[in-house]
Asks: 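Here's a structure for you.
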Amino acid sequence: MNTNTLRFGLAIFLIVHGLVHYSLTYVPIPKPGELRTPFWPSWSRTDTDPAWLASRMGLSNNVIRWVGSALWLLTVTGFGLGGLGLLGIPGLNQIWQGGAILGAAASLILLGFYWHPWLIAGVLINLAVFAGLALHWPKSLFS
């Protein structure tokens, strides 16, 4: 696989990974007795999940919503900047690594505070992003 194809594929992956986080603000809230699906708060949603770590910390619903909204916004922005930078967008191509780090770090915090067992894939993806950046792998992206 040539470098441009790899760069394009990873850029799209980072952007899509960020958008998946955004999409979880629109997952319908499960009704009592239904399968509990992963979702997190947003400015437009007042519902919270008592199973979240953020809920069990005794924080008010407004704080839970504000923190969750800020974290998903940082996650989407970071992964978006990382992906657009990898695509070579002027001004962003120099900061793509920082964007990817911001997205992965905010995502891990978001996943921890608003945990659902289905989100383990997100944790693994974020750890892979950190490992790839730390190890400069694949090398062709860092030259």
Side-chain angles (χ1 to χ4, degrees), residues 1-30 34-143:
M1 180 179 301
N2 71 37
T3 301
N4 288 335
T5 303
L6 180 62
R7 182 177 293 274
F8 180 78
L10 288 174
I12 296 303
F13 183 82
L14 287 175
I15 293 167
V16 168
H17 186 50
L19 291 175
V20 166
H21 286 76
Y22 177 73
S23 74
L24 290 179
T25 64
Y26 292 100
V27 170
I29 308 300
E34 288 183 353
L35 178 66
R36 189 176 146 261
T37 54
F39 71 93
W40 39 64
S42 68
W43 288 288
S44 63
R45 171 182 280 176
T46 58
D47 301 317
T48 59
D49 187 339
W52 289 334
L53 174 60
S55 297
R56 294 191 313 255
M57 293 172 70
L59 303 173
S60 73
N61 280 358
N62 285 338
V63 170
I64 290 170
R65 288 176 53 221
W66 185 87
V67 169
S69 298
L71 285 169
W72 68 251
L73 184 60
L74 286 171
T75 300
V76 172
T77 301
F79 282 128
L81 290 173
L84 292 173
L86 269 176
L87 289 175
I89 303 297
L92 299 180
N93 56 345
Q94 301 298 317
I95 64 164
W96 76 267
Q97 296 172 51
I101 289 170
L102 171 66
S107 173
L108 284 174
I109 297 167
L110 180 67
L111 294 171
F113 281 157
Y114 306 97
W115 181 250
H116 185 285
W118 294 0
L119 300 175
I120 190 68
V123 171
L124 297 174
I125 290 169
N126 293 327
L127 294 176
V129 168
F130 283 131
L133 290 167
L135 299 172
H136 286 108
W137 183 88
K139 296 278 187 216
S140 61
L141 296 180
F142 296 90
S143 50

Asks: For residues 36-52, which residue pairs qualify under salt bridge (charged side-chain N to carboxylate O under 4.0 Å, His left out), counting only residues two or more places apart or in two chains?
Replies: Arg36-Asp49
Asks: If you take all heavy atoms of Gly78 and Leu102, which pair is closest and at what distance?
Replies: CA-CD2, 3.9 Å
Asks: Decide yes or no on side-chain contact (heavy atoms from CB on, under 4.5 Å) for Leu24 and Val27, but give the supporting numbers first.
Replies: CA-CA 5 Å; Leu24 290 179; Val27 170; 3.5 Å; yes
Asks: Take Tyr22 and Trp72 through the test ring pair (Phe, Tyr, Trp, His ring centres under 6.0 Å) and record every step on the way to the result.
Replies: CA-CA 7 Å; Tyr22 177 73; Trp72 68 251; 5.3 Å; yes
Asks: Looking only at heavy atoms, which two atoms of Gly68 and Pro41 are closest? And how far apart?
Replies: CA-CG, 3.8 Å
Asks: Can you tell me how far OG1 of Thr46 sits from CD1 of Ile64, rounded to the nearest 0.5 angstrom?
Replies: 12.0 Å
Asks: Taking atom CG of Asn93 and atom CG of Leu86, what is their separation to the nearest 0.5 Å?
Replies: 9.5 Å
Asks: If I compare all heavy atoms of Pro38 with all of Leu119, which pair ends up nearest, and what's the gap?
Replies: CB-CD2, 3.8 Å
Asks: Take a 6.0 Å sphere around CZ of Phe130 and say whether it holds more than 12 heavy atoms from other residues, nucleotides or ligands.
Replies: yes
Asks: Would you say CZ of Phe113 has more than 12 non-hydrogen atoms from neighbouring residues, nucleotides or ligands within 6.0 angstrom?
Replies: no
Asks: CG of Leu84 to CZ of Phe79: how many Å apart, nearest 0.5 Å?
Replies: 13.5 Å
Asks: Do Leu59 and Trp52 have side-chain heavy atoms sitting under 4.5 Å apart?
Replies: no
Asks: Identify the heavy atoms of Gly83 and Ala11 that sit nearest to each other, and give their distance.
Replies: O-CB, 3.2 Å
Asks: Using modelled atom types only, decide if a donor and an acceptor are shared between the side chain of Ser23 and the backbone of Val20 within a distance under 3.5 Å.
Replies: yes
Asks: Say you draw a straight line from CD1 of Ile101 to CG of Asn126; how long is it, rounded to the nearest 0.5 Å?
Replies: 12.0 Å
Asks: Drop me the distance from Arg65's CZ to Thr48's OG1, to the nearest 0.5 angstrom.
Replies: 9.5 Å
Asks: Is any side-chain heavy atom of Leu73 closer than 4.5 Å to a side-chain heavy atom of Trp43?
Replies: yes
Asks: Are Val129 and Ser107 side-chain neighbours, meaning at least one heavy-atom pair lies under 4.5 Å?
Replies: no
Asks: Show every side chain to side chain donor-acceptor pair (under 3.5 Å) that has at least one partner inside residues 83-92, sequence neighbours left out.
Replies: none
Asks: Output all residues satisfying side chain to side chain contact (heavy atoms under 4.5 Å, CB included) with Phe142, sequence neighbours left out; order by chain, then residue number.
Replies: Trp96, Gln97, Leu133, His136
Asks: Answer yes or no: is there a side-chain heavy-atom contact under 4.5 Å between Thr25 and Phe39?
Replies: no
Asks: Please find the pair of heavy atoms, one from Leu111 and one from Gly122, that lie closest to each other, and give the distance.
Replies: CD1-C, 3.7 Å
Asks: Check whether any side-chain heavy atom of His21 lies under 4.5 Å from a side-chain heavy atom of Trp40, and answer yes or no.
Replies: yes
Asks: Does the pair Phe13 and Ile125 meet the rule for a side-chain contact (heavy atoms from CB on, under 4.5 Å), with working shown?
Replies: CA-CA 10 Å; Phe13 183 82; Ile125 290 169; 3.7 Å; yes
Asks: Knowing that exactly one of Leu81, Leu74, Thr75 qualifies, which makes a side chain to side chain contact (heavy atoms under 4.5 Å, CB included) with Thr77?
Replies: Leu81
